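Some notes on the structure that comes next.
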Amino acid sequence: MKPLKDVFSIFFPNICVNCQSRLLRNEQFLCIVCLNDLPVIIYNDTTKKMLQNIFFGKVPVQNVYSFLYFNKYGITKKLIHELKYKKEQNIGTFLGRRMCYEIEKLKLFSDVDCVLPVPLHKNKLRLRGYNQVDKFGVVLSNYLQVPYILGVLKRVSRSETQTLKQRFERFSNADSKFHISDVDCLKNKHVLLIDDVITTGATLVSCCEELLKVKNIKISVCTMAYTENE
Ligand SMILES: O=P(O)(O)OC[C@H]1O[C@H](OP(=O)(O)OP(=O)(O)O)[C@H](O)[C@@H]1O
């Protein structure tokens with residue numbers, strides 16, 4: 001099987017998502033140079049506060065963690081673009097594995113009971129074919145050894161993409177768009193809510209507001225990336 005793969009790769013080489021150079025056999029999505037340039041957010045008092053401040057005065061959250069900085073022309077944007085719009089679902093696994101390696105030393109989510117993705121509206125799910133955070137979430141749930149819970153938190157109204165919206169519009173656009181179908185399932189649980197990117201936090205705050213209807217719930221948040229301006 002391997003020689004066939006090698007012949008295939010002569011005609012259709014895997015290339016680095018960022019710099020377009022040809023990947024070596026043991027590289028995936030990024031060449032070693034771009035991999036070393038991944039803009040990992042160093043988790044310290046300053047970045048912890050920066051992330052916590054997104055939720056401050058809006059909803060109570062336990063821990064907030066984001067793996068990578070995302071900016072207009074950077075590696076993270078290219079990876080997430082491929083993941084979301086080019087059917088490269090395995091980038092979710094790739095980012096999940098690298099992030100788990102980072103959070104190992106932080107022991108941030110050691111007491112969560114389950115991982116919950118920000119859901120897509122069913123129409124968008126049908127169009128895209130998958131939720132871009134699912135593979136990332138499965139890696140995280142395996143690592144934490146807790147269940148990955150699908151279908152309990154639902155996006156009930158179809159909001160337009162947040163991507164081209166300004167801060168105020170993002171909050172009104174994300175307002176009351178989520179619904180929990182099974183409140184008992186999350187009762188007394190510490191839930192780890194995950195998404196791909198956090199910008200204003202409007203989407204995650206809206207999810208948290210719905211989740212806070214559950215008795216004695218605690219919420220932590222984890223995203224692949226953080227950006228001030230998407
Ligand atoms: O923190 P916020 O300001 O709420 O922005 C973050 C949200 O915006 C994007 O969703 P969007 O609906 O734009 O995704 P799409 O590309 O699938 O349309 C992204 O996937 C987050 O869910």
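In each ligand, atom 1 is the first atom listed, and ligand 1 is the first ligand listed. Position 1 is the first residue of the sequence, and the numbers go up from there. Treat the numbers as computed from the prediction; the structure is a model and nothing was measured.
Which parts of ligand 1 touch Lys124 is read off a 4.0 Å heavy-atom cut-off, strictly below it: atoms 12 (O), 14 (O), 15 (P), 17 (O), 18 (O). Less than 4.0 angstrom separates some heavy atom of Ala202 from each of these atoms of ligand 1: 1 (O), 2 (P), 4 (O). Applying the 4.0 Å criterion to heavy atoms of Arg128 picks out, from ligand 1, the atoms 15 (P), 16 (O), 17 (O). Taking every non-hydrogen atom of Asp195 and a distance limit under 4.0 Å, the qualifying atoms of ligand 1 come out as 21 (C), 22 (O). Of all the atoms in ligand 1, the ones that sit under 4.0 Å from a non-hydrogen atom of Gly201 are 1 (O), 2 (P), 3 (O).
Under 4.0 angstrom from ligand 1, the non-hydrogen atoms of Asp196 all belong to its side chain. Residue Tyr226 does not touch ligand 1, judged by heavy-atom distances below 4.0 Å.
Looking at Leu204, Asn131, Thr203 and measuring to atom 7 (C) of ligand 1, the nearest heavy atom belongs to Thr203.
For Lys84, a nitrogen or oxygen atom sits less than 3.5 Å from a nitrogen or oxygen atom of ligand 1, counting backbone and side chain alike.
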Residue pair Phe136, Val115: steps toward the side-chain contact (heavy atoms from CB on, under 4.5 Å) verdict: CA-CA 10 Å; Phe136 173 80; Val115 177; over 6 Å; no

Test side-chain contact (heavy atoms from CB on, under 4.5 Å) applied to Thr203 and Arg155, step by step: CA-CA 10 Å; Thr203 306; Arg155 197 182 286 243; 3.9 Å; yes

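Without hydrogens or angle criteria, Lys154 side chain to Gly151 main chain gives a donor-acceptor distance under 3.5 Å. Remark: the backbone N or O of His190 is paired with a side-chain donor or acceptor of Asp113 at under 3.5 angstrom. Between the side chain of Gln20 and the backbone N or O of Ile15 there is no donor-acceptor pair closer than 3.5 Å.
Ligand 1 lies out of reach of Val118, whose nearest heavy atom is not under 4.0 Å from it.
Taking the six-membered ring for Trp and thresholds of 30 and 60 degrees, Tyr65 and Tyr43 have ring planes inclined between 30 and 60 degrees apart.
Using a 4.5 Å heavy-atom threshold, the side chains of Ile219 and Val59 count as separate.
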